Amino acid sequence: MPRPAAPCEKGHAHAPGPPARPRDRGGARRRPEAGAPVPAPCLVWFHGGGMVLGTPETDDARVSAYARDVGCVVVSAEYRPAPERPHPVPVEDCYRALGWTAGQAKALGVDPHRLAVGGISAGGGLAAATALLARDRGGPALAFQLLLCPMLDGRNTTPSSREFSRAVAWPRADNLFGWSALLGPLAGTGRVPPHAAPARAADLSGLPAASVDVGEL
């Protein structure tokens with residue numbers, strides 16, 4: 001478990017939303033304590049919630065610890081969840097947050113050559129999908145992926161996906177619901193794109209290094 005949030009500079013920022021929904025997408029940014037090098041590396045973070053729940057504030061303690069211990073800026077982005085907004089809306093929101101961060105690098109005091117994406121659960125899967133989008137669209141360039149128990153594969157056919165039918169935190173039924181909410185009619189078909197379920201990607205070339213954390217629930 002992350003330690004309680006330590007003192008660090010915290011602010012809020014808004015990136016323009018898509019034309020179909022002219023509302024700003026919100027998020028929070030955290031800086032390390034005074035004295036940290038500038039420009040600093042930056043982690044664009046996506047919260048968990050099984051694709052259907054959560055807010056950036058959910059991971060305050062975790063990302064504040066990253067800012068303190070690593071000396072990085074953390075931009076904790078909001079995205080619109082399923083089922084009201086199925087794929088591709090969540091990953092497009094995340095990609096937009098990454099692009100906004102890269103474009104505001106100077107104002108944020110971050111090094112545009114040391115951008116990383118990360119997240120936990122749904123956010124981990126969206127971070128991996130955002131890295132794929134960034135590669136396929138020619139940027140922004142990424143240096144790293146931090147993927148904590150990421151939702152990567154909606155097929156749910158592996159032995160481990162069937163093992164935890166009575167898990168404490170995230171049983172199989174919840175996992176099936178989260179993926180169904182995200183994928184809609186694509187769920188259970190062979191037409192799911194890698195930007196929705198990154199485990200479907202056949203080509204991993206050109207991607208930044210990744211740390212993938214897994215564990216039992």
Side-chain angles (χ1 to χ4, degrees), residues 2 5 8-32 40-67 70 72-82 84-112 114-135 137 139-152 178 182 195-196 198 208 210:
C8 64
E9 179 185 334
K10 179 179 178 181
H12 293 272
H14 294 271
R21 179 171 169 156
R23 185 173 84 81
D24 285 351
R25 304 310 307 151
R29 66 184 185 276
R30 293 158 189 80
R31 295 195 57 82
C42 181
L43 172 65
V44 183
W45 181 262
F46 309 119
H47 64 80
M51 301 295 181
V52 296
L53 299 169
T55 67
E57 291 74 22
T58 305
D59 293 336
D60 263 351
R62 183 183 301 277
V63 299
S64 293
Y66 291 158
V70 179
C72 66
V73 172
V74 179
V75 174
S76 194
E78 179 186 7
Y79 58 87
R80 290 169 290 172
E84 293 82 5
R85 297 293 188 273
H87 178 76
V89 172
V91 70
E92 290 289 354
D93 283 351
C94 294
Y95 180 74
R96 187 175 294 109
L98 172 62
W100 178 87
T101 302
Q104 297 294 317
K106 184 175 181 179
L108 295 172
V110 307
D111 183 347
R114 291 191 291 168
L115 288 176
V117 289
I120 186 169
S121 182
L126 289 168
T130 299
L132 286 168
L133 275 181
R135 180 199 65 182
R137 295 178 179 178
L142 290 171
F144 189 64
Q145 304 173 73
L146 178 60
L147 313 178
L148 305 186
C149 51
M151 292 180 67
L152 298 174
L182 178 71
H195 299 146

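The first residue of the sequence shown is numbered 1, and numbering continues consecutively from there. Keep in mind the model is a prediction, meaning the values are calculated, not measured.
Under the 4.5 Å side-chain criterion, counting only non-hydrogen atoms from C-beta, Cys42 is not in contact with Leu108. Annotation: side chain of Trp100 is not in contact with side chain of Pro140 (no heavy-atom distance under 4.5 Å).
Put simply, NE2 on His87 and CG on Leu126 are 10.0 Å apart, with the number rounded to the nearest 0.5 Å. Separating the CG atom in Leu43 from the CG atom in Leu115 is a distance of 9.5 Å, to the nearest 0.5 Å. Taking CG of Leu98 as the reference point, atom CG of Leu133 lies at 9.5 Å (rounded to 0.5 Å). With rounding to the nearest 0.5 angstrom, the CH2 atom of Trp45 is 5.5 Å from the CG atom of Leu146. Taken from SG in Cys72 to CG in Asp111, the straight-line distance is 12.5 Å, to the nearest 0.5 Å. With rounding to the nearest 0.5 angstrom, the CZ atom of Arg62 is 5.5 Å from the CG atom of Leu148.
Heavy-atom minimum distance, Met51 versus Ala122: N-CB, 3.2 Å. Across all non-hydrogen atoms, the minimal contact from Gly48 to Ser121 is CA-CB, 4.1 Å. Taking each heavy atom of Leu147 and Ala127 in turn, the nearest pair found is CD2-CB, 3.8 Å. Across all their heavy atoms, Ala77 and Pro56 have their closest contact at O-CG, 3.7 Å. In this structure, Leu182 and Ala196 approach most closely via the heavy-atom pair CD2-O, 3.9 Å. Heavy atoms only, all atoms of each residue included: Pro86 and Ala82 are closest at CA-CB, 4.3 Å.
Panel note: side chain Thr58, backbone Thr55; a donor-acceptor pair is recorded below 3.5 Å.
Aromatic ring orientation, Tyr79 versus His47: parallel (interplanar angle below 30°, classes split at 30° and 60°).
The pair Arg137-Glu92 meets the salt-bridge criterion, since a charged nitrogen lies less than 4.0 angstrom from a carboxylate oxygen.
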